[in-house]
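Everything numeric here is computed off the predicted structure, so don't read it as measured data. Every chain is numbered from 1, with letters handed out A, B, ... down the list of sequences. Hydrogens, waters and symmetry mates play no part in the numbers below; they use all other heavy atoms, side chains included.
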Amino acid sequence: MRRMLNEATAFREEMIGGYVAAFGRYVAPVPDASGVMAVGAPRAGKVAVVVGGGSGHYPAFYGLVGRGMATAGVIGEIFTSPSGEQAYRVAKAVDGGAGILFTFGNYGGDVMNFAMAEGRLLDEGGDVRTVLVTDDVLAAPPEEAEDRRGIAGGFYVFKAAGASAERGDDLATVEALTKRANARTRTIGVAFAGCTVPGQDEPLFTVEPDRMEIGLGIHGEPGVRTSELMPSREIAKLMVDSLVAEAPPDAGSRAAVLVNGLGGTKYEELFVLYDGIAPLLAAAGIEPYEPLIGEFVTSLDMAGCSLTLHWLDDDLRALHDAPAATPAFTRAG
Amino acid sequence: MRRMLNEATAFREEMIGGYVAAFGRYVAPVPDASGVMAVGAPRAGKVAVVVGGGSGHYPAFYGLVGRGMATAGVIGEIFTSPSGEQAYRVAKAVDGGAGILFTFGNYGGDVMNFAMAEGRLLDEGGDVRTVLVTDDVLAAPPEEAEDRRGIAGGFYVFKAAGASAERGDDLATVEALTKRANARTRTIGVAFAGCTVPGQDEPLFTVEPDRMEIGLGIHGEPGVRTSELMPSREIAKLMVDSLVAEAPPDAGSRAAVLVNGLGGTKYEELFVLYDGIAPLLAAAGIEPYEPLIGEFVTSLDMAGCSLTLHWLDDDLRALHDAPAATPAFTRAG
Amino acid sequence: MRDNDADGGRLAQTILAHVLAAVEARELELGRLDAAAGDGDHGAGMVRGLRAAVAAADGPEGVAGDILARAGTGFTDAAGGASGALVGSWIGAIGRSLAGADRLDVAAVADALDAGQAMIQRLGKAKPGDKTMLDTLDPFLRALRRAVETGATLDAAWAAALPEAEAGMRATAEMIAKRGRAARLGERSRGHVDAGAMSLLIILTAVGDVIRQQAA
Amino acid sequence: MRDNDADGGRLAQTILAHVLAAVEARELELGRLDAAAGDGDHGAGMVRGLRAAVAAADGPEGVAGDILARAGTGFTDAAGGASGALVGSWIGAIGRSLAGADRLDVAAVADALDAGQAMIQRLGKAKPGDKTMLDTLDPFLRALRRAVETGATLDAAWAAALPEAEAGMRATAEMIAKRGRAARLGERSRGHVDAGAMSLLIILTAVGDVIRQQAA
Ligand SMILES: Nc1ncnc2c1ncn2[C@@H]1O[C@H](COP(=O)(O)OP(=O)(O)O)[C@@H](O)[C@H]1O
Ligand SMILES: Nc1ncnc2c1ncn2[C@@H]1O[C@H](COP(=O)(O)OP(=O)(O)O)[C@@H](O)[C@H]1O
Ligand SMILES: [Mg+2]
Ligand SMILES: [Mg+2]
Ligand SMILES: [Mg+2]
Ligand SMILES: [Mg+2]
């Protein structure tokens, strides 16, 4: 797939430029750093929720910056975690004196770079916590759940973090609720075709005709296994079965549901998939809460999709329902 | 691109099934018809705004049904206008006694089928008006502007119609404002690659490497001409120049701006494009009003995008700003 | 020459079934022709419409005209798209015209085709030469009329008219589309036969096959 | 054996420029290796990092260690990603170790490489055999140490160690990734040389070229 761009080396800068030019009513660029922050940040006495990661995943991560969600987003090159220096500068810019919560997907590069930023902020006497998103059930067995990578479920984790910070919770509370949101979120994904990085001629990976990848990565990494291409209803079953088998302890029966398209698998197909998912959730005793179907974490134009369940308890439900106003997601109050 | 589905013949039905299963908080299926309607419709004394068209364009048309936008959407097969019978049934279902406004893109099939429905409703003594969306500046010369087809600009036309109906305007007023919204909306689009219809192996059309199509159709129709593949900043210039040259009389300086991705050209690229568009708009004396960048009218996974300007006057601005709550678009009040 | 009775109705059902089979066999080709300048859905739409037409025709007995009128409504409802409205209304108009005829003779059929074509032109506002299905229908009807004037049987008149329809269809390859989706392409629409012109030729040919078998 | 003075600083700048050129020439290959099991950005990230390292090194004069420490910070800031943090910190740790050395001799260089490798292991928590850049660095450093024990010059020791680094890099093709993006693939990560292992070999080779020229 050909991509629309000028020079590949200017891509990130122009991308951020166009984004803030269009969405200045929600976000502002962080001066001298590769990131954006909510209009009005920093706010004194509020915890700052700082998300981040490589680009190519819009609206993750920087499309979810604004009132009620992330305070700021640190923006890396396509599929490349931002550097520790950039994370440090962005966090500094939005520090309202009540501490910083870093939350992002569990990928080696992000972990190392954000850890560098965290180290510097701590050295300077700041109060900083980190919650990794680890929702991908296929990335590691349940015994190693904390080693899993973060994919579409980050949406709910950021929503919980942002809503908790917005209402004025202290850092320990924001951290605890964000951790709980992550602990109650599970995702499984499949892919049908790879994606092409701007400026490159070849797709990052290809999927054999009549095959599909199960357990995809959102950076174009191949899945953990391949299978025959399944009809939609079998994919629905694979997804629901895998997630139900991994329901957290005390899951309860109510779960927010996110069907996420990776970019090249379009809305119509996601609805067909959900037509298969809905009865299976019901059969499993899960009551879908305000399902979302759309593109929330993409991988450029990769064809594929994922199902996320975010099991709600009363606290998480309140955070879920809280209003949000960001370029990519609005929840009316 | 492989598409995710079960049997191709069941696609539309399963698509609608999954959609209403997920979004029952906004929409309900129209009994015995291929369409969806806003929860709570019909509302007595309110004009019903009925949109429609082929599917494969989500969120157009049925993703924009809900409070403050369309009252109902009639849903055809992929890229195929719904039949007059279906349009008739959907309109009947949402008729609140204050009349029906049909509004949809100016395509022969849609025009003929909706005309059949309109004829029957008129025969039955109903009050029905039709406003065609004709925003594509490249589809016909300015002298034949009313023959142009409708593409992404329909978003603003439906928004105006829905907001006018929502606040209780009578049918003549809703019609007049919807016409004005259309008359002040212009779009230009380009495409880089074709799209693949669910159940088919081959893309609907292909674009030669290093070429692009100018004046694309949103049904996979080729553009009206091809050109060398341009860098993003030249596309921005082509787009802004073409639209500025076609500004409506009494345009004023304030325009809502929509950068629409067709499905395969992703958000990051659209931001890079807008980085080129924003200064050109400023240079042309146009003040962008609440720009939107995203997927509003798609063509499955076609790679391409469009720029829409919707010149606001005070009336249209009020309609633009009014709240909306639909599965694909929310504006907080 | 046959009476306008329930036998005629059964003949209409046979014709519809035969037409469906013929179009089904060419569905992909029709889609590809439509994709050249349009949106590729013509084959699928025609098949969907004809399946519904056959199903609708398969109700209570009746004269050919009533059967076809029902079939037309079924077609239009199920097919959607430009061809759904046009071909369905064409079938319906033919049916309504035939329903009023005394006998199912060649003159009644020609009048019915006249009514069908008028309906297409009223709905679609195209004329022959605009690169549409009319470029198959119009020369066919003219030739049929000429044959009628020479006193030909329906069978013979139909056989005489089909080559004209085919020539009309072929000529669309050199035309620039003036109606439908392809109209926006101007010069770029040249070079491919029009999908609707092809599907009408397939339909007329299939109808001719049944007429010939009946006559034999 | 040279003094730890501004001449050493200029040598460090020369080395960085040479390393950048060598990696630039292999950028696409590094991207493709990373794409086999990761996300394809390794070549671009290394080039971005090295360009920034060269730019950062090009400031005020100083001893080699200070130049490299600056370069490491520049690398880390600009590159991003796992290799941005790891390689940048590696360069920085090497620089800080060298800055404290009396002379720029082979023992000081080996100690600096030790410090660099310890930094990578502290940050990334990988060990040799996990299919990472450590599989190039670790055998290189062991061989360098062995050569030092025999009293070899830096030039000779480096030349003796490079083949070990290359063998270590090649061995990654048969390894299953335990760290980084490829780790999720298990068995599927086998069959390709690790991208980071390859880029470290390119770097060590380029450094060796400059050392050899200086010695000659
Ligand atoms: N206005 C018209 N009058 C006559 N025939 C038309 C008209 N518009 C389209 N057609 C015919 O319909 C065919 C396209 O049908 P189809 O693909 O099913 O509809 P759509 O254009 O809605 O996708 C064209 O090839 C042409 O023959
Ligand atoms: N934890 C780690 N320890 C050592 N090296 C690592 C580690 N994680 C990744 N690497 C190295 O980094 C390389 C990938 O770098 P790069 O592609 O730039 O980063 P990313 O994985 O963030 O995209 C791998 O090939 C491997 O050699
Ligand atoms: Mg990366
Ligand atoms: Mg169509
Ligand atoms: Mg068509
Ligand atoms: Mg990588």
Side-chain angles (χ1 to χ4, degrees), chain A residues 8-9 11-12 33-34 52-56 74-89 107-116 136 138-140 147-149 194-197 199-206 213 215-226 299, chain D residues 27-28 31-32 34-49 51-52 56 72-90 92 119-126 130 132-133 177-189 191-192 196:
Chain A
T9 47
F11 193 86
R12 177 180 53 161
S34 180
S55 44
V74 196
I75 306 175
E77 299 283 336
I78 297 275
F79 294 169
T80 303
S81 86
S83 70
E85 174 70 24
Q86 300 302 323
Y88 168 81
R89 290 190 203 171
Y107 292 90
D110 297 87
V111 171
M112 287 184 243
N113 282 292
F114 278 91
M116 289 178 167
D136 182 358
L138 289 183
D147 286 340
R148 290 174 173 171
R149 64 187 165 197
C195 55
T196 308
V197 171
Q200 317 237 304
D201 296 328
E202 299 288 304
L204 204 46
F205 76 99
T206 53
E213 298 269 340
L216 77 151
I218 57 167
H219 305 84
E221 306 97 321
V224 297
R225 61 190 169 92
T226 75
S299 184
Chain D
E27 173 176 351
L28 293 180
R32 271 195 298 270
D34 189 32
D39 58 358
D41 61 350
H42 184 63
M46 290 298 293
V47 167
R48 209 167 43 239
R51 284 198 184 129
T73 304
F75 188 107
T76 294
D77 180 19
S83 62
L86 294 167
V87 178
S89 303
W90 177 70
M119 175 62 94
I120 290 180
Q121 294 197 243
R122 191 166 68 75
L123 268 178
K125 307 198 170 57
D130 285 354
T132 71
M133 52 182 70
K178 299 265 167 41
R179 283 277 150 192
R181 298 199 188 289
R184 273 82 183 192
L185 292 175
E187 271 299 331
R188 289 189 80 192
S189 67
H192 291 272

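- Only the side chain of D/S89 comes within contact range of chain A, judged by heavy atoms closer than 4.5 Å.
- Applying the side-chain contact (heavy atoms from CB on, under 4.5 Å) criterion to A/E77, with sequence neighbours excluded, gives A/R12, A/T80, D/R48.
- Put simply, CZ on A/F79 and OG on A/S55 are 8.5 Å apart, with the number rounded to the nearest 0.5 Å.
- Contact of A/A140 with chain D is not made at all, since no heavy-atom distance falls under 4.5 Å.
- Contact of A/D136 with chain D is not made at all, since no heavy-atom distance falls under 4.5 Å.
- Heavy atoms of D/A44 lying under 4.5 Å from chain A are absent altogether.
- Most heavy-atom pairs under 4.5 Å with chain D, from the set A/L138, A/V197, A/T9, A/L204: that is A/L204.
- Put simply, CG on D/D39 and NE2 on A/H219 are 6.5 Å apart, with the number rounded to the nearest 0.5 Å.
- Every side-chain contact (heavy atoms from CB on, under 4.5 Å) that D/A177 has, sequence neighbours left out, goes to D/K131, D/A182, D/S189.
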For D/M119 and D/W90: C-alpha separation, side-chain torsions, deciding distance, then whether side chain to side chain contact (heavy atoms under 4.5 Å, CB included) applies. CA-CA 6 Å; D/M119 175 62 94; D/W90 177 70; 5.9 Å; no
